[in-house]
Q: 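Structure incoming, see below.
One is the number of the first residue; the rest follow in order along the sequence.
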Amino acid sequence: MTSLAQASFIELRREHSGDFLRLQKIWQHQQGHAWIFAQVNAPIYREALIEKLEVTRTSARITLDANTSVWDLLTALQAQTDAGQQGLHLVCDEGHIPSREWWQHCNTQRDRFGRAFAYPVVWWLPETVANDVQHYARDLWNWREMLCDFVLRDAPLLQTVERMVFDGVSSVEKQQLMQRLAEIAQYLHTVTPGQNATPDLRLEAARAHQRLGEMGAAFIQAELAVRDFENLGNELNASFAKGKIADILQARGDLDEALRIRQEDELPVYEKLGEVREIAITKGQIADILQARGDLDEALRIRYEEQLPVYEKLGDLRSLLVAQANIALALLQRQGEGDRPKAQALLSQALMAARAMRLPEAAQIEQIMQMADL
C-alpha cells in the first residue's frame with residue numbers, strides 16, 4: 001500500500017534554516033551533555049525536524065504528559081543512558097502544559113538530570129511552555145546550549161508527497177533492526193549464495209537498512225536480492241526487489257531512474273501475472289514521483305482513474321483512505337480553482353474512515369488539515 005506521506009514531506013522553512021543548522025551541528029558533534037530548547041507549534045513539522053536529525057545520532061524519545069513526574073523523567077533519563085543512547089528528544093505532549101511547580105522541581109534537579117544523561121537533549125516545547133521554563137526554571141534555562149525557534153507564524157502550504165514509512169523509528173525498533181541485521185549477516189555467511197532463503201533475507205535486510213536510513217547498504221542488499229531471485233526464476237519477487245531499489249533511489253532524489261524502474265521493470269511483470277493490487281500500488285508510486293516532479297495533473301489522473309477504483313473494488317478501505325489523502329495533498333499543492341474544497345472533502349472523508357477503523361493515519365490526517373488550515 002502506498003503510505004500516507006509522513007512528516008518527511010514537510011520541507012524545512014527558510015526562516016528556520018539557521019537555527020536548524022546550528023542544532024544539527026550540536027546534535028552531530030557534541031560529545032557531552034547539552035540542553036537544547038526548541039519551541040514549535042505544529043506537531044507534524046516537529047516530527048519532520050526530528051526525522052532530519054535522526055540520521056546522524058542514535059537517539060531515544062520521551063513524551064512529557066500529565067502523568068510524567070520529575071522523578072519519572074529522572075528515571076527515564078538514566079534508563080536511556082543504561083540502554084546506550086547518545087541523544088534524546090523530550091516531547092511535550094499535545095495539550096499538556098506542565099505546571100509551575102513541575103518546572104520549579106525540574107530546576108532543583110538539573111544537576112541530577114545532567115548526570116543521569118550526559119548527551120544532547122532537545123526539549124520540544126510549544127512556545128507558551130518554553131516561556132514558562134524561562135520564568136519558573138531559570139537555572140535550567142540558563143544551562144541551555146541554544147534556543148531554536150521553529151514556530152510557524154503563518155499557515156504553510158503543503159509540499160510534495162514522498163513515499164516514506166508512516167512512523168518514525170523508535171530507539172527500541174532501532175535496536176531490534178540492528179539485531180536482526182546481525183542475525184541475517186551471520187546466516188548469510190554460512191550458506192551458499194543463491195539458496196532459496198538467501199534473496200528473501202537480503203530483501204529483508206534492504207528494508208531494515210532503509211528503515212535505519214542506511215541507503216547505501218540498503219541498495220546493495222536490494223541489488224543482490226534481485227540477482228538471486230532472477231537466478232531462481234522467481235520473476236514476481238525479483239520485481240518486488242526492484243521496487244525496493246526504486247524506493248531507495250526515490251529517497252535519494254533520483255526520480256528519473258526510480259520512475260523508469262516502476263514503469264519498465266515492475267509494472268509489466270505485475271500486469272503479465274495479473275497482480276491487481278500490485279498494479280494499483282505501483283501506479284500510486286508512479287503518481288508519487290510525478291507529484292514530486294510537479295506533474296500534478298497526471299499524478300491526479302492516475303490516482304483518480306487507476307488507483308481509487310481498484311481499492312474500491314477490492315474493498316481495501318485503508319488503501320482507499322490513504323489514496324484519498326494523497327489526492328487531497330496533490331490538490332493543495334496544485335492550488336487550482338476549486339482544489340481546496342475538494343481537498344477538504346477528501347481529507348474529511350478519509351479522516352472519518354480512519355477514525356472508524358482506529359487507524360494511526362487519523363492523527364496524521366488531522367495534522368495535515370491543521371497545517372493547511374482546513
Side-chain angles (χ1 to χ4, degrees), residues 7 23-24 26-40 43 46-47 49-148 150 167-180 211-212 360 363:
L23 169 58
Q24 195 173 41
I26 295 170
W27 186 256
Q28 186 171 358
H29 299 294
Q30 179 76 22
Q31 295 301 312
H33 177 73
W35 288 129
I36 303 155
F37 290 95
Q39 54 187 30
V40 60
R46 178 194 67 212
E47 296 306 310
L49 296 172
I50 291 174
E51 185 176 328
K52 293 177 191 300
L53 288 175
E54 285 292 88
V55 299
T56 59
R57 182 187 283 265
T58 301
S59 65
R61 177 186 184 122
I62 296 173
T63 299
L64 305 176
D65 58 27
N67 296 317
T68 307
S69 71
V70 172
W71 297 119
D72 290 337
L73 178 56
L74 184 61
T75 301
L77 290 170
Q78 185 61 57
Q80 296 305 329
T81 295
D82 295 342
Q85 300 298 337
Q86 296 184 1
L88 187 64
H89 300 285
L90 297 181
V91 179
C92 191
D93 197 23
E94 285 183 71
H96 174 56
I97 300 179
S99 67
R100 176 177 63 181
E101 291 75 18
W102 193 89
W103 284 118
Q104 289 172 339
H105 194 185
C106 280
N107 198 52
T108 63
Q109 298 301 317
R110 62 190 183 280
D111 288 327
R112 297 184 68 179
F113 284 167
R115 290 195 299 271
F117 193 81
Y119 299 98
V121 177
V122 184
W123 297 70
W124 297 92
L125 306 172
E127 190 172 13
T128 54
V129 175
N131 290 333
D132 286 346
V133 183
Q134 298 179 56
H135 288 98
Y136 305 133
R138 291 182 180 178
D139 296 321
L140 177 68
W141 179 258
N142 289 334
W143 272 21
R144 72 189 184 279
E145 193 75 21
M146 71 174 295
L147 169 65
C148 304
F150 296 129
D167 52 346
V169 182
S170 67
S171 59
V172 172
E173 186 183 357
K174 283 183 181 178
Q175 293 172 355
Q176 292 171 341
L177 289 170
M178 292 170 68
Q179 180 180 350
R180 181 57 180 157
R211 189 89 172 100
L212 292 168

Q: Applying side-chain hydrogen bond (donor to acceptor under 3.5 Å, both in side chains), name anything that partners Gln78, two or more places apart in sequence or on another chain.
A: Asp82
Q: When rounded to the nearest 0.5 angstrom, what distance separates CD in Gln134 from CG in Asn142?
A: 9.5 Å
Q: Please identify which of these residues, Val122, Leu90, Leu88, Val91, meets the side chain to side chain contact (heavy atoms under 4.5 Å, CB included) condition with Arg61.
A: Val91
Q: Any non-hydrogen side-chain atom of Phe113 less than 4.5 Å from a side-chain atom of Val121?
A: no
Q: Hey, does His89 have a side-chain heavy atom less than 4.5 Å from the side chain of Leu53?
A: yes
Q: For Thr75 and Asp72, which I'm curious about, is there any donor-acceptor pair between the side chains at under 3.5 Å?
A: no
Q: Where do Ile62 and Ala76 come nearest, in terms of heavy atoms and distance?
A: CD1-CB, 3.5 Å
Q: Using the test side-chain hydrogen bond (donor to acceptor under 3.5 Å, both in side chains), find all partners of Asp111 that sit at least two apart in sequence or belong to another chain.
A: none
Q: Taking only residues two or more places apart in sequence, or in another chain, which ones meet Asp139 in a salt bridge (Lys or Arg N to Asp or Glu O under 4.0 Å)?
A: Arg110
Q: Find the distance between CH2 (Trp71) and CZ (Arg112) and round it off to the nearest 0.5 Å.
A: 4.5 Å
Q: What are the two closest heavy atoms between Ile26 and Ala34, and how far apart are they?
A: CG2-CB, 4.4 Å
Q: Tell me every residue that passes ring-ring contact (aromatic ring centres under 6.0 Å, His included) with Trp123, counting only those two or more places apart in sequence or in another chain.
A: Trp35, Phe37, Trp103
Q: Partners of Thr81 by side-chain hydrogen bond (donor to acceptor under 3.5 Å, both in side chains), sequence neighbours excluded?
A: none
Q: Over 60° means perpendicular and under 30° means parallel, so tell me whether Trp143 and His33 are parallel, tilted or perpendicular.
A: perpendicular
Q: With a 4.5 Å heavy-atom cut-off, do Ile36 and Cys148 have their side chains touching?
A: yes
Q: Using side chain to side chain contact (heavy atoms under 4.5 Å, CB included) as the criterion, list what pairs up with Gln104, not counting sequence neighbours.
A: Arg100, Glu101, Tyr136
Q: Distance check, rounded to the nearest 0.5 Å: Leu77 atom CG versus Arg115 atom CZ?
A: 12.0 Å
Q: Closest heavy-atom contact between Ala83 and Gln175?
A: O-NE2, 3.7 Å
Q: Should we count CZ of Arg138 as having more than 12 external heavy atoms under 6.0 Å?
A: no
Q: Phe117: what forms a ring-ring contact (aromatic ring centres under 6.0 Å, His included) with it, not counting sequence neighbours?
A: Tyr119
Q: Can you list the residues that meet the side-chain hydrogen bond (donor to acceptor under 3.5 Å, both in side chains) rule with His135, with sequence neighbours excluded?
A: none
Q: Tell me the closest heavy-atom pair linking Thr63 and Thr68, and the distance in Å.
A: O-OG1, 3.5 Å
